[in-house]
Novice: 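Take this structure, written in structure tokens, and hold onto it; I'll ask about it next.
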Amino acid sequence: MSRSPMVIRTVPALRRAVEALRARKATVALVPTMGALHDGHVSLVQLARRRAQKVVVSIFVNPTQFAPTEDFGSYPRTLKADLARLTAEKVDLIWNPDVKAMYPDGFATRIVPEGPATAGLEDRFRPHFFGGVATVVGKLFTQVRPDVAIFGEKDFQQLRVVTQMAADLDLGVKVIGSRTVRERDGLAMSSRNVYLSPEERQIAPTLYRAMKESAKRLKAGGDFEAAMEAGRELITAAGFALDYFEARHAGTLGPITSMKEGPVRILVAAKLGTTRLIDNIGV
């Protein structure tokens, strides 16, 4: 039976625990999560294990990245099951603070990212989001002081934002992206997939099919905008309300108009019923 990892809930206790992990100069990897863990999260933990000697997983549903109209209150929380998964993966430490521990009374500092955080993708529809992400991830990096941090590529703009922040602020952590884990039908794994009705779950993989179809047209040398428009039409015909379906430079997330301006990443966000899904692939 696997040994249960330490579960830490206060910053002073976290400091002591991380110092103990670093005995004999062990390297530390951090996997930030909001819980409701699935196989995609497990893949991040497994990559962390390959990249460092000790693994810390944070579980914190961060209120500052949710708008008042979003699902903070109903976001799935499955702590008991999460702890069981992380025990099976032999995680060394779980950082599970409450909101007061992360944002104590009088908290008044925010990180306001620019660059990839203002690319006109997620930020156009969720203008509050990346400020909340950057602030909480900045705190996690300074609390845990990991050597490496693992983020999934499914949230590709977030990955670019966090990578930029870590470099710009000299935080001393190497940010590593991990490939998106998908269901057999191509749907990217997400904690929010539980919101989908059975009928919506059948439709949801259309996002992946549309990206693959547009990527195929682009790689074949087809007209750039026509290839992207074909993907948009496929998504809307399936019943999605489309926020964006864009081909962008994979490094800067800036707009491009041809494959020659690459490397190219296709990114999509769309709502199916009440559930908003995001995804992306490289071309």
Novice: Distance check, rounded to the nearest 0.5 Å: Ile94 atom CD1 versus Ser4 atom OG?
Specialist: 8.5 Å

Novice: Under 4.0 Å between a Lys/Arg side-chain N and an Asp/Glu carboxylate O for Arg217 and Asp223?
Specialist: no

Novice: For Ala188 versus Lys154, what's the shortest heavy-atom pair and its separation?
Specialist: CB-CD, 3.6 Å

Novice: Taking a hydrophobic cluster as the set of Ile, Leu, Val, Met, Phe, Trp and Tyr residues connected by side-chain heavy atoms closer than 4.5 Å, whether directly or through intermediates, do Val162 and Met102 fall within one such cluster?
Specialist: yes

Novice: Using 0.5 Å steps for rounding, measure from the CG atom of Leu218 to the CE atom of Met259.
Specialist: 6.0 Å

Novice: Looking only at heavy atoms, which two atoms of Gln143 and Val11 are closest? And how far apart?
Specialist: NE2-CG2, 4.0 Å

Novice: Hey, is Asp185 close enough to Arg201 for a salt bridge, meaning N to O under 4.0 Å?
Specialist: yes

Novice: Taking it one step at a time, do Ile266 and Met228 satisfy side chain to side chain contact (heavy atoms under 4.5 Å, CB included)?
Specialist: CA-CA 9 Å; Ile266 295 176; Met228 297 308 297; 4.2 Å; yes

Novice: Run Phe151 and Thr163 through side chain to side chain contact (heavy atoms under 4.5 Å, CB included) and show every step you take.
Specialist: CA-CA 10 Å; Phe151 288 80; Thr163 302; over 6 Å; no

Novice: Would you call Glu229-Arg232 a salt bridge at under 4.0 Å N-O?
Specialist: yes

Novice: Side chains of Asp123 and Gln157: donor-acceptor distance under 3.5 Å anywhere?
Specialist: yes

Novice: On a heavy-atom basis, which atom in Gly152 and which in Leu159 lie closest, and how many Å separate them?
Specialist: O-CB, 4.4 Å

Novice: Where do Arg248 and Leu253 come nearest, in terms of heavy atoms and distance?
Specialist: NH1-O, 2.7 Å

Novice: Donor-acceptor check, side chain of Asp98 to backbone of Arg9, threshold 3.5 angstrom: yes or no?
Specialist: no

Novice: Show the nearest heavy-atom pair for residues Leu93 and Pro5, with the distance to one decimal.
Specialist: N-CB, 4.1 Å

Novice: Could you tell me whether the side chains of Arg209 and Thr206 share a donor-acceptor contact shorter than 3.5 Å?
Specialist: yes

Novice: Under a 4.5 Å side-chain heavy-atom rule over Ile, Leu, Val, Met, Phe, Trp and Tyr, are Ile59 and Val7 clustered together?
Specialist: yes

Novice: How far does NE2 of His41 sit from CG of Asp82, to the nearest 0.5 angstrom?
Specialist: 8.0 Å

Novice: Okay, side chain of Thr135, backbone of Arg110: is any donor-acceptor separation there less than 3.5 Å?
Specialist: no

Novice: Hey, does the side chain of Arg265 reach the backbone of Ala250 with a donor-acceptor pair shorter than 3.5 angstrom?
Specialist: no

Novice: Donor-acceptor pair, distance only, cut-off 3.5 Å: does the side chain of Asp147 make one with the backbone of Val28?
Specialist: yes

Novice: Could you tell me the separation between the CG atom of Asp155 and the CD atom of Glu122, rounded to the nearest 0.5 Å?
Specialist: 8.0 Å

Novice: Would you find more than 12 non-hydrogen atoms of other residues, nucleotides or ligands less than 6.0 Å from Arg124 atom CZ?
Specialist: yes

Novice: Do Arg182 and Asp279 meet the salt-bridge criterion of a basic N to acidic O distance under 4.0 Å?
Specialist: yes

Novice: Flag yes if Phe156 and Phe125 sit in one hydrophobic cluster, no otherwise; membership is Ile, Leu, Val, Met, Phe, Trp, Tyr, and two members link when side-chain heavy atoms are under 4.5 Å apart.
Specialist: yes

Novice: Do you know the tightest heavy-atom contact between Pro97 and Phe60?
Specialist: O-CD1, 3.4 Å

Novice: What distance separates Asp92 CG from Arg49 CZ, expressed to the nearest 0.5 Å?
Specialist: 4.5 Å

Novice: Look at the side chain of Glu89 and the backbone N and O of Arg85, then say whether any donor-acceptor pair between them is shorter than 3.5 Å.
Specialist: no

Novice: With the 4.5 Å side-chain cut-off for hydrophobic clustering, are Phe245 and Leu272 part of the same group?
Specialist: yes

Novice: Would you please say whether a donor-acceptor pair under 3.5 Å links the side chains of Tyr75 and Asn62?
Specialist: no

